[in-house]
2 protein chains.
Amino acid sequence: MLSKRSQYALKALSYLTEKYQKGPVLISEISKKKKIPLKFLENILLELKSIGVLDSKKGKGGGYFLIKQPAKIRVADVIRKVNGPIAMLPCVSLYFYERCKDCDEKNCMLHDMMIEVRDATLNILEKRTLVDLLSDR
Amino acid sequence: MLSKRSQYALKALSYLTEKYQKGPVLISEISKKKKIPLKFLENILLELKSIGVLDSKKGKGGGYFLIKQPAKIRVADVIRKVNGPIAMLPCVSLYFYERCKDCDEKNCMLHDMMIEVRDATLNILEKRTLVDLLSDR
DNA sequence: AAATAAGTCTACTTGGTTGGTAGGGTAAAT
DNA sequence: ATTTACCCTACCAACCAAGTAGACTTATTT
């Protein structure tokens, strides 16, 4: 399941996509328009800065804004940052890989099946970008 | 992410698949062979009875055994019982549906994308059965 | 009938995660 | 210097995951 955090992140980013290249947008504005608790949203946006999709300006006239083309910001990357792994098992995760004890990956059928699931999922989430999230309203 | 519970469930069932129609198997045997904490496993097996894939006999010579052909027991159904929803959002879940507030499903692109992900996932997990989990060792 | 084997049931614990909230600090513009 | 707005740290309640403990019930064997 996607966390609230991820859903909020995507909603906020989709709002910023609508306002792309129109100057900084207040956290409070996003919060109000997308019905996201303000302080929670602050925290999420801050985290998103680390994947280089947005930046902020302080002081009057400040706010958040995308610094990357919305069409180049992949849904998968947002989810990975905010939610964590997309795969169903650590041992099949590309970005959060962890070896699994008590299971030889070479001949574990569960492993193989979960790789298939991962690929099918990524095939969708890595092709979709913020632009695909629009017409959301 | 799949819970330990689900992984244990699938491992236990795959062991029972190997022993299909060879009489009851002790929880303690499964526990030892598959390295699953005994009391935790007890609990999981008990829960699995409710989806009608296995039954048990008490007393000496007792144990657990499959009552359905392994080739007809779908991985997806096991996961649903033990782990919960497979979909990434409640509003796109087939078996655990919940309407999402603050998002009109009719024109929420996130919703549509997650339906795609769900279908891609189910296309794999509903086609695979316990038999496909073998050769696991 | 008693002993033993085995699953059943209830309850508890421990640790981590989720979804927040509170409040002061810092930087930038006017 | 004041105001605006993001930054940072800390905290909290509720929930869930993973597992443990122990008594209870049912079935078999002697």
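Only this structure's heavy atoms are used, side chains among them; waters, hydrogens and symmetry mates stay out. What you see is a predicted model, and the numbers here were worked out from it, not measured in a lab.
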For A:D132, the side-chain hydrogen bond (donor to acceptor under 3.5 Å, both in side chains) test, sequence neighbours excluded, returns none

What residues 74-88 of chain B contributes to the DNA chain D interface at heavy-atom separation below 4.0 Å is none

Across all chains, not counting sequence neighbours, the side-chain hydrogen bond (donor to acceptor under 3.5 Å, both in side chains) partners of B:D119 are none

(Q) Taking the side chain as everything from C-beta on, heavy atoms only, tell me whether B:P90 gets closer than 4.5 Å to A:M1. (A) yes

Original post:
Is there a chain of hydrophobic side chains (I, L, V, M, F, W, Y, each step under 4.5 Å between heavy atoms) that links A:L94 to B:M88?
Top reply: yes

So the contacted stretch of DNA chain D, first to last nucleotide with an atom under 4.0 Å from a non-hydrogen atom of chain A, runs from D:dT4 to D:dC8

Contacts of B:K35 meeting salt bridge (charged side-chain N to carboxylate O under 4.0 Å, His left out) (sequence neighbours excluded), chain-then-number -> A:D102

Residues in residues 51-58 of chain A with a heavy atom under 4.0 Å of DNA chain D, by number, are A:S56, A:K57, A:K58

Sorted by chain and residue number, the side-chain hydrogen bond (donor to acceptor under 3.5 Å, both in side chains) partners of A:K57 (sequence neighbours excluded) come out as none

query = Looking at B:K127 and A:E116, does any basic side-chain N land under 4.0 Å from a carboxylate oxygen?
reply = no

Residues at least two apart in sequence or cross-chain that pass ring pair (Phe, Tyr, Trp, His ring centres under 6.0 Å) with A:Y20, listed by chain then number, are none

The side-chain hydrogen bond (donor to acceptor under 3.5 Å, both in side chains) partners of B:R118 (sequence neighbours excluded) come to none

Q | salt bridge (Lys or Arg N to Asp or Glu O under 4.0 Å) between A:R80 and A:E126, worked out | A | CA-CA 11 Å; A:R80 281 198 188 98; A:E126 289 188 338; 2.7 Å; yes

With a 4.0 Å cut-off (strictly under) to non-hydrogen atoms of chain B, the first and last hit nts on DNA chain C, 5' to 3', are C:dA5 to C:dC9

Side-chain contact test, heavy atoms from C-beta onward, threshold under 4.5 Å: evaluate it for A:L134 versus B:M109 and give yes or no.
no

In short, ring-ring contact (aromatic ring centres under 6.0 Å, His included) pairs touching residues 33-76 of chain A with sequence neighbours left out are A:Y8-A:F40

Contact check, residues 36-50 of chain A vs DNA chain D, heavy-atom distance under 4.0 Å, returns A:K39, A:E42, A:L46, A:K49

Can you tell if the side chain of A:L125 reaches within under 4.5 Å of the side chain of A:R74, non-hydrogen atoms only? no

When B:K60 and B:Y8 are each assigned the nearest nucleotide of DNA chain D, the 5'-most assignment goes to B:Y8

**Q.** Carboxylate-amine/guanidinium contact B:E29 B:K34, below 4.0 Å
**A.** no

Side-chain touch A:L13/A:L133, heavy atoms, less than 4.5 angstrom:
no

